[in-house]
Amino acid sequence: VVDEEGGEQVVRRCRTLTDEATAVYGRAFDPSRLCKVCSTFKERRGQMSKLMEGVWRRLNEFEDAELLECHKTSYDNLRTMFDSQLKVFLSGSASSMKRSLVKALLGFDTHDCPFSDQVTVWYRGSNAAGASGFVALVHFRQDLTNEERSDPSLHSEVRKHLETHGPSFPYRTNNATELRQLLGHDCREEYLDSSWEDVMSNTLAVVDSLEVFLGESKSLDADLEIIDGPSVKDVDIVSTALKKKADCIMFVVHVDDNFDWWPVQQALQYLDANSVFVVCVSTGTHDSEVFHEARTKAMQLGVIPSHLHCLPGVMGGRVFPAKILSQLEASLADYLEMHSTSRTLELSRQASRLVEGLRRQVGHMMALLEVPGDQVRNLKAAWSPKLLKLHDKHRKTLAGVRLEYDRQKQEIQEQAQKHFRQLSDRIPEITARSDLSRGVGLTGAFSAKTLTRYSQQVEDALREAMEVDTTRWTVMVLLPAVDKAMCAVEQVLGDHASAQVSEVDSFLLTVWQTTESLRGSAQSREITKRHSGISAGMSVSTRIVSYLGAANGCRALPAALGGHLLAAYAFVFVGALGGVLNTWFAFKSVGQETENHIKQFIGKELSEALRQRAPETSASIAATAMQPCMDAIENYSTSFDLELKQLTASIIKAAELLPEGQEAVNRRHEQCIEFAKALERVSETLSTQQFDYIERRNAR
């Protein structure tokens with residue numbers, strides 16, 4: 001508190017003062033429209049979940065264990081998607097503005113959980129919050145060493161938990177005061193200047209993130225999840241946002257400070273540009289130079305103009321126009337509304353695939369039940385051994401596909417490792433040539449402050465040069481190599497899959513041709529058309545596509561990930577080296593204080609670090625680039641196995657019904673008809689919904 005004479009007095013933190021300070025800005029961020037968007041998304045997911053629960057209940061009543069097992073994985077994946085809420089990830093400068101924005105989004109005073117600048121805090125709404133309205137799970141780093149676990153300076157409860165349960169199990173508490181004490185904050189007297197930025201706790205150092213469940217929060221109750229990330233100076237922000245599967249990321253940038261734009265650039269490379277928001281805050285006016293520089297920098301990086309917002313004077317306690325805040329509220333809500341519609345559409349399409357698969361397989365059973373008894377026995381005798389043999393052949397030949405995958409992935413890894421080793425050899429030369437635009441002091445007379453500034457400038461120049469080199473290599477070498485590797489894997493998998501599916505289709509056509517006279521020639525011709533002419537080209541065969549679980553086979557990777565995403569994985573190698581730069585303060589202890597000596601030292605140290613990390617990083621890039629291929633192989637293997645198993649069981653069950661008489665066959669046939677009609681109604685409902693979602697998305 002500042003009195004009339006300018007004297008300052010530190011007072012105890014309280015909500016009243018917080019609310020009065022917020023009122024100075026004019027008004028707080030209003031999350032009401034955002035809550036409405038989330039509530040609508042929640043309602044749509046609930047309707048679809050209820051619809052598919054009905055399908056699954058009917059499937060259980062259908063009493064076909066093989067059919068149930070065949071689609072269990074798909075249904076479980078759908079349920080996970082139904083439970084997936086919209087997530088907003090916040091990061092940026094360590095400042096009160098970011099905390100105020102989190103508080104406004106929550107509609108809840110973060111006074112009870114004010115440690116966002118040190119760890120990632122995942123705010124969730126749930127009944128798990130209990131009567132206290134607060135439950136926190138402390139998640140620990142998974143790479144803790146034995147020394148870190150047994151560190152005597154850790155809080156006794158944390159050390160006991162790690163010794164008993166290890167870091168894989170989170171620590172649970174429903175007391176905010178206990179949580180702050182646990183993490184190293186002395187909150188006996190909670191003053192305004194008791195910031196988490198100043199806490200240096202060994203306990204805090206072993207924590208990866210906090211998962212906080214809060215009760216009575218309108219935003220969280222509307223199924224919005226807010227992830228309050230640490231400041232950009234502390235961790236790899238974008239990596240954390242990806243792990244949390246954030247739908248959008250918002251950077252709160254204090255432009256008066258020296259902000260590192262590197263995480264913003266990474267976000268634009270990793271994520272959809274539409275999902276990246278930048279909010280610039282300052283003590284200056286809207287037309288100040290710092291705002292102009294920040295806007296220019298953000299636009300150069302590729303931030304969409306409508307997602308770039310400037311709040312002038314907010315850090316100085318001055319009122320800013322409400323219109324500016326309204327624009328921020330509208331742009332965030334507009335994006336999440338469109339994004340939620342796209343997610344709902346994808347959910348509906350996934351549900352349709354499951355329903356269509358069930359309809360097809362129920363149709364198989366109906367066709368078998370319409371075949372005369374003696375022909376069913378002949379089919380069982382002729383085709384059961386063939387299907388079992390096909391099953392064994394399928395497993396053996398997939399080994400060749402996996403071998404080709406491993407060979408292609410190894411080639412990608414070797415190319416990446418070669419690039420990074422060559423880059424490490426050039427680092428000393430690049431560092432020595434770096435021409436810094438701003439001086440920091442007299443050569444050979446560095447103070448600790450100027451030494452830090454100079455080292456930072458060398459880092460920026462070096463990183464920029466490495467970015468250019470890595471980008472060129474990614475576009476000219478990595479992406480073509482990945483495309484070629486995927487073509488090779490695709491060809492082997494496509495040839496194998498086409499042959500296997502053709503054999504299955506020959507069985508299906510045999511059944512339908514047998515029942516042609518019973519079911520009518522028109523329907524038979526339609527079915528024959530759907531299940532004949534399987535091409536070796538994977539993009540043509542819809543049956544193979546359904547097995548692979550991809551829109552256009554495994555070659556959808558370049559379209560799905562894009563050059564920027566693959567480039568970003570290469571950039572991780574560069575960005576992760578920031579920790580090495582923190583050790584450069586050893587310059588003074590070794591007496592290397594001239595500019596040239598510092599450059600030489602940095603070049604040598606960084607070159608060695610690059611060389612050591614090249615194998616690990618190359619393996620990560622290769623695995624990431626080729627992962628969709630492996631997913632396609634595994635999905636095909638599992639799906640085809642289950643379909644063969646279900647077809648075999650259908651023949652056996654149809655044959656087993658024959659001794660029970662025609663009445664039992666007719667009863668089962670009637671069950672198939674009823675289930676098929678129910679599936680058809682669900683399919684029509686989903687199709688209508690998809691048409692509506694497409695219209696909504698196009699209108700936006």
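Residues forming a ring-ring contact (aromatic ring centres under 6.0 Å, His included) with Trp122 (at least two apart in sequence, or on another chain): none. Remark: His165 engages His161 in a ring-ring contact (aromatic ring centres under 6.0 Å, His included) (not counting sequence neighbours). Residues that satisfy the salt bridge (Lys or Arg N to Asp or Glu O under 4.0 Å) test with Arg45, not counting sequence neighbours, are Asp223. Qualifying salt bridge (Lys or Arg N to Asp or Glu O under 4.0 Å) partners for Asp272, counting only residues two or more places apart in sequence or in other chains: none. Considering only residues two or more places apart in sequence or on other chains, Ser168 meets the side chain to side chain contact (heavy atoms under 4.5 Å, CB included) condition with Gln142. The side chain to side chain contact (heavy atoms under 4.5 Å, CB included) search around Glu608 returns Gln612, not counting sequence neighbours. Remark: Leu68 pairs with Trp56, Leu59, Asn60 by the side chain to side chain contact (heavy atoms under 4.5 Å, CB included) rule, at least two apart or across chains. Partners of Lys393 according to the salt bridge (Lys or Arg N to Asp or Glu O under 4.0 Å) rule, which considers only residues two or more places apart in sequence or in another chain, are Glu503. A search for side chain to side chain contact (heavy atoms under 4.5 Å, CB included) contacts involving Asp247 returns Leu86, Lys87, Leu336, His339, Arg343, not counting sequence neighbours. With sequence neighbours excluded, no residue forms a ring-ring contact (aromatic ring centres under 6.0 Å, His included) with Tyr405. With sequence neighbours left out, Lys72 forms a salt bridge (Lys or Arg N to Asp or Glu O under 4.0 Å) with Asp76.
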- Evaluate side-chain contact (heavy atoms from CB on, under 4.5 Å) for Lys297 paired with Phe259, printing each intermediate quantity in order. CA-CA 11 Å; Lys297 180 65 176 178; Phe259 181 74; over 6 Å; no
- Message: Run Thr341 and Phe41 through side-chain contact (heavy atoms from CB on, under 4.5 Å) and show every step you take.
- Response: CA-CA 8 Å; Thr341 301; Phe41 183 51; over 6 Å; no
- Take Asp641 and Tyr636 through the side-chain contact (heavy atoms from CB on, under 4.5 Å) test and state the conclusion after the steps. CA-CA 8 Å; Asp641 276 346; Tyr636 169 69; over 6 Å; no
- Pair Ser74-Arg353, side-chain contact (heavy atoms from CB on, under 4.5 Å): steps then yes or no: CA-CA 9 Å; Ser74 297; Arg353 292 189 187 104; over 6 Å; no
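Taking the charged nitrogens against the carboxylate oxygens, Lys244 and Glu225 have no contact shorter than 4.0 Å, which rules out a salt bridge. Salt bridge Lys484/Glu411: absent, no basic N to carboxylate O contact under 4.0 Å.
Between the side chain of Gln690 and the backbone N or O of Ser348 there is at least one donor-acceptor pair closer than 3.5 Å. Remark: the backbone N or O of Ile427 is not paired with any side-chain donor or acceptor of Ser607 at under 3.5 angstrom. Side-chain N or O atoms of Glu148 include one that pairs as donor or acceptor with a backbone N or O of Thr145 at under 3.5 Å.
Shortest non-hydrogen contact noted between Ala649 and Glu66 is CB-CG, 3.4 Å. When every heavy atom of Gly166 is checked against every heavy atom of Arg149, the shortest pair comes out as CA-NH1, 4.5 Å. Scanning all heavy atoms of the two residues, the minimum distance from Phe251 to Ala267 falls at CE1-CB, 3.8 Å. In terms of heavy atoms, Ala416 sits closest to Trp473 at CA-CZ2, 3.6 Å. When all heavy atoms are compared, the tightest approach of Ile249 to Ala241 is CD1-CB, 4.1 Å. Nearest heavy-atom pair, Arg359 versus Ser683, reported as atom, atom and distance to 0.1 Å: NH1-OG, 3.6 Å.
Atom CG of Leu644 sits about 6.0 Å away from atom NE2 of His391, to the nearest 0.5 Å. Between Trp261 atom CH2 and Leu301 atom CG the span is 7.0 Å, to the nearest 0.5 Å. Interatomic distance, NE2 of His394 versus CG of Leu387, reported as 13.0 Å (0.5 Å rounding). In this structure, CZ in Arg349 is found 13.0 Å from CD in Gln689, a value given to the nearest 0.5 Å. Note that the CG atom of Leu358 and the SG atom of Cys70 stand 8.5 Å from one another [nearest 0.5 Å]. Taken from CG in Leu137 to CZ in Arg124, the straight-line distance is 9.0 Å, to the nearest 0.5 Å.
Within the structure, every pair that satisfies the side-chain hydrogen bond (donor to acceptor under 3.5 Å, both in side chains) test and touches residues 413-422, not counting sequence neighbours, is listed here: Gln410-Glu414.
Using cut-offs of 30° and 60° for the angle between ring planes, the His307 and Tyr335 rings count as perpendicular.
Taking the side chain as every heavy atom from C-beta outward, Ile226 and Leu90 approach each other to under 4.5 Å. With a 4.5 Å cut-off on side-chain heavy atoms, Pro170 and Phe140 do not count as touching. For the pair Met626/Met630, no side-chain contact is recorded, criterion being any heavy-atom separation below 4.5 Å from C-beta on. At least one side-chain heavy atom of Arg44 sits less than 4.5 Å from a side-chain heavy atom of Tyr693. Between Val121 and Ser209 there is no side-chain heavy-atom pair separated by less than 4.5 Å. Side-chain contact between Val207 and His139 is absent, with no heavy-atom pair separated by less than 4.5 Å. Residues His71 and Leu67 have side chains in contact (heavy-atom distance under 4.5 Å, counting atoms from C-beta outward). Within the 4.5 Å cutoff, side-chain heavy atoms of Ile633 are placed close to those of Val489.
Counting non-hydrogen atoms of neighbouring residues, nucleotides and ligands closer than 6.0 angstrom, the CZ atom of Arg79 reaches no more than 12 such neighbours.
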